[in-house]
Protein chains: 2
Amino acid sequence: MGKAKDDSRQSGCPVAYGLDVFGDRWTLVIIRDMLMLGKRYYGEFLDCPERIASNVLADRLKKLEDAKIVSKQIDPVNQSKFIYKLTSKGIELIPMVLEVITWGSKHSPYTNTPPELLRKIKKDRAGTIREIAECLKNDQSFIAKNGWV
Amino acid sequence: MGKAKDDSRQSGCPVAYGLDVFGDRWTLVIIRDMLMLGKRYYGEFLDCPERIASNVLADRLKKLEDAKIVSKQIDPVNQSKFIYKLTSKGIELIPMVLEVITWGSKHSPYTNTPPELLRKIKKDRAGTIREIAECLKNDQSFIAKNGWV
DNA sequence: CTGTATCCTTAGGGATACTG
DNA sequence: CAGTATCCCTAAGGATACAG
């Protein structure tokens, strides 16, 4: 695993580019956890309801780092582990993730998205995005207490 | 190939649901072609710049049909082939695809997205979506003449 | 505990032949 | 041309052992 994503589909289409970056079953799960649940540590990502395997997680974190979507730094409060954070390129995925949430919530038979969140997204996209970005700065989770876990 | 997508990650998260449907490198390429380029026939999908293989295409079309995102009917003007169309569930992916385009255009080194399209998306999301939906009704392509191909 | 490496099975998917 | 089927190799990724 872990060969660099080859990026071979240089069609010029931004959709194809996006798929080269997050076109698999796990990458967006990690980004969701960072974006919506405020996760930052390896162990937190491992502990997701979809049960990601540890090697897959390591691989995706590395690829996200290579793609400059995630930064990896030594955790200042615990020198023996890393803290993973979204870069601005990663944070800019918020609007897309919100649209996935909107669509998925409407069509998934299993969804348990907090209606409060959906209402907010619908009513005031920019406001929601600002709110999430704000939470990210304070290390907090936007919906952690309300659903999905 | 072609085993039904198993949908095994019923975490309740709409992102995970979305990924079960379009979390691979090809599905969104097909949807992009339907949405943005007005494609409707097998041969048209085959003829994409990313060079999708014919068996992969058949597999994805079947899965999209199973997921009720695409409908497959005999083409009324040529009984020997099928016409593939987005259902309302598929058309509702427009906002998400537009966000992928916005993000991808900003960050891809290869992008050639028509600035006109980006300007429209940014300025008036609802308007753009309405416009695309309108084009879909008239069998036309929104950006076919301007880029990506 | 944080993360990496190894093993091994299955799914993804390219090339291409084939059928109507 | 529209679409399907086969062949076969590679990548994805689950289980689990291992190292700091």
Side-chain angles (χ1 to χ4, degrees), chain A residues 1-9 11 16 19-30 33-34 39-67 70-85, chain B residues 1-9 11 16 19-30 33-34 39-67 70-85:
Chain A
M1 219 182 280
K3 316 291 192 312
K5 201 163 258 176
D6 70 354
D7 207 67
S8 55
R9 307 191 299 179
S11 61
L19 292 175
D20 283 340
V21 174
F22 51 74
D24 70 278
R25 277 166 61 86
W26 290 110
T27 301
L28 276 188
V29 166
I30 297 170
D33 282 355
M34 302 186 93
K39 294 186 181 178
R40 302 192 153 194
Y41 296 104
Y42 192 89
E44 293 180 308
F45 298 120
L46 256 192
D47 183 30
C48 74
E50 292 86 7
R51 312 274 73 216
I52 190 170
S54 61
N55 57 337
V56 176
L57 173 59
D59 179 71
R60 292 311 128 85
L61 285 173
K62 193 188 304 288
K63 281 178 179 155
L64 284 170
E65 201 192 344
D66 291 346
V70 160
S71 70
K72 177 181 184 177
Q73 298 149 348
I74 295 180
D75 180 24
V77 311
N78 178 345
Q79 303 275 121
S80 75
K81 65 183 189 177
F82 293 101
I83 183 163
Y84 300 92
K85 289 202 228 180
Chain B
M1 219 181 283
K3 316 291 192 311
K5 201 161 260 179
D6 70 354
D7 207 67
S8 56
R9 307 192 298 181
S11 60
L19 291 175
D20 283 340
V21 174
F22 52 73
D24 70 278
R25 276 164 64 85
W26 290 110
T27 301
L28 276 188
V29 167
I30 298 171
D33 282 355
M34 303 186 92
K39 295 186 181 178
R40 303 193 151 192
Y41 296 104
Y42 193 90
E44 292 179 308
F45 298 121
L46 256 193
D47 183 30
C48 74
E50 292 85 7
R51 312 273 73 214
I52 190 169
S54 61
N55 58 338
V56 175
L57 173 59
D59 179 71
R60 291 312 127 84
L61 285 173
K62 193 189 303 288
K63 281 177 178 155
L64 284 169
E65 201 192 345
D66 291 345
V70 160
S71 69
K72 176 181 185 177
Q73 298 148 350
I74 295 180
D75 181 24
V77 310
N78 178 345
Q79 302 276 121
S80 75
K81 65 182 188 175
F82 293 100
I83 183 163
Y84 300 92
K85 288 202 227 177

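Here is how names work: the chains are called A, B, and so on, in the same order as the sequence lines, proteins then strands, and each is numbered from 1. Computed from a predicted structure; not experimentally measured.
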Practice item. Output the distance between atom CG (A:Asn55) and atom CZ (A:Arg60), rounded to the nearest 0.5 Å. Key: 9.0 Å
Exercise for review: Could you check how far CD of A:Glu44 sits from P of C:dC1, rounded to whole Å?
Suggested key: 13 Å
Exercise for review: Under the side chain to side chain contact (heavy atoms under 4.5 Å, CB included) rule, collect the residues that match up with B:Glu44, sequence neighbours excluded.
Suggested key: B:Lys39, B:Arg40, B:Tyr41
Check your understanding: Quick one: are B:Thr27 and B:Val21 in side-chain contact, heavy atoms under 4.5 Å?
Key -> no
Please table the atom pairs, donor to acceptor, closer than 3.5 Å between any side-chain atom in residues 77-85 of chain A and protein atoms at least two apart or in another chain.
from, atom 1, to, atom 2, distance (Å)
A:Asn78, OD1, A:Ser80, N, 3.0
A:Asn78, OD1, A:Ser80, OG, 2.8

Check your understanding: Roughly, in whole Å, what's the span from CG in B:Leu61 to P in D:dA2?
Key -> 13 Å
Review point. Atom CG of A:Asp75 and atom P of C:dC1: how far apart are they, to the nearest Å?
Key: 16 Å
**Study point:** Selection from D:dG3, D:dG14, C:dG3 that lies nearest to any side-chain heavy atom of B:Tyr42
**Key:** D:dG3
Interface polar pairs with nucleotides 16-20 of chain C, N/O, under 3.5 angstrom:
from, atom 1, to, atom 2, distance (Å)
C:dT16, O4, B:Ser54, OG, 3.0

Check your understanding: Of the nucleotides C:dG12, D:dG3, C:dT2, which one has an atom closest to the side chain of B:Lys63?
Key -> C:dG12
Review point. Looking only at side-chain N and O atoms, does B:Tyr84 come under 4.0 Å of OP1 or OP2 in D:dA2?
Key: no
Practice item. Report yes if the side chains of B:Arg25 and A:Asp20 come closer than 4.5 Å at any heavy-atom pair, otherwise no. Key: yes
**Study point:** Interatomic distance, B:Leu46 CG vs D:dT4 P [rounded to whole Å]
**Key:** 11 Å
Check your understanding: Roughly, in whole Å, what's the span from NZ in A:Lys62 to C1' in C:dA5?
Key -> 11 Å
Check your understanding: Of the nucleotides C:dG14, D:dG14, D:dA2, which one has an atom closest to the side chain of B:Trp26?
Key -> C:dG14
Exercise for review: Report which part of the nucleic acid B:Tyr41 touches: base, sugar-phosphate, or nothing (heavy-atom distance under 4.0 Å, all strands).
Suggested key: nothing
Practice item. Write down the distance between CG (A:Leu57) and P (D:dG14), rounded to a whole number of angstrom. Key: 12 Å
Check your understanding: Phosphate oxygens OP1/OP2 of C:dG12: is one of them under 4.0 Å from a side-chain N or O of A:Arg25?
Key -> no
Check your understanding: Where the side chain of A:Lys81 is defined as all heavy atoms beyond and including C-beta, which of C:dG13, C:dT2, C:dT4 is the nearest nucleotide?
Key -> C:dT2
Review point. Counting only side-chain N and O atoms of A:Arg60, is one of them less than 4.0 Å from OP1 or OP2 of D:dA12?
Key: no
Practice item. Indicate yes or no: does A:Lys63 engage A:Asp59 in a salt bridge with an N to O separation below 4.0 Å. Key: yes
**Study point:** Minimal non-hydrogen separation, B:Glu50 against B:Trp26, with atom names
**Key:** O-CH2, 3.3 Å
Review point. For A:Ile52 and D:dG13, what is the distance between atoms CD1 and C1' respectively, to the nearest whole Å?
Key: 10 Å
Check your understanding: What is the distance from CG of B:Asp59 to C1' of D:dT6, rounded to the nearest Å?
Key -> 15 Å
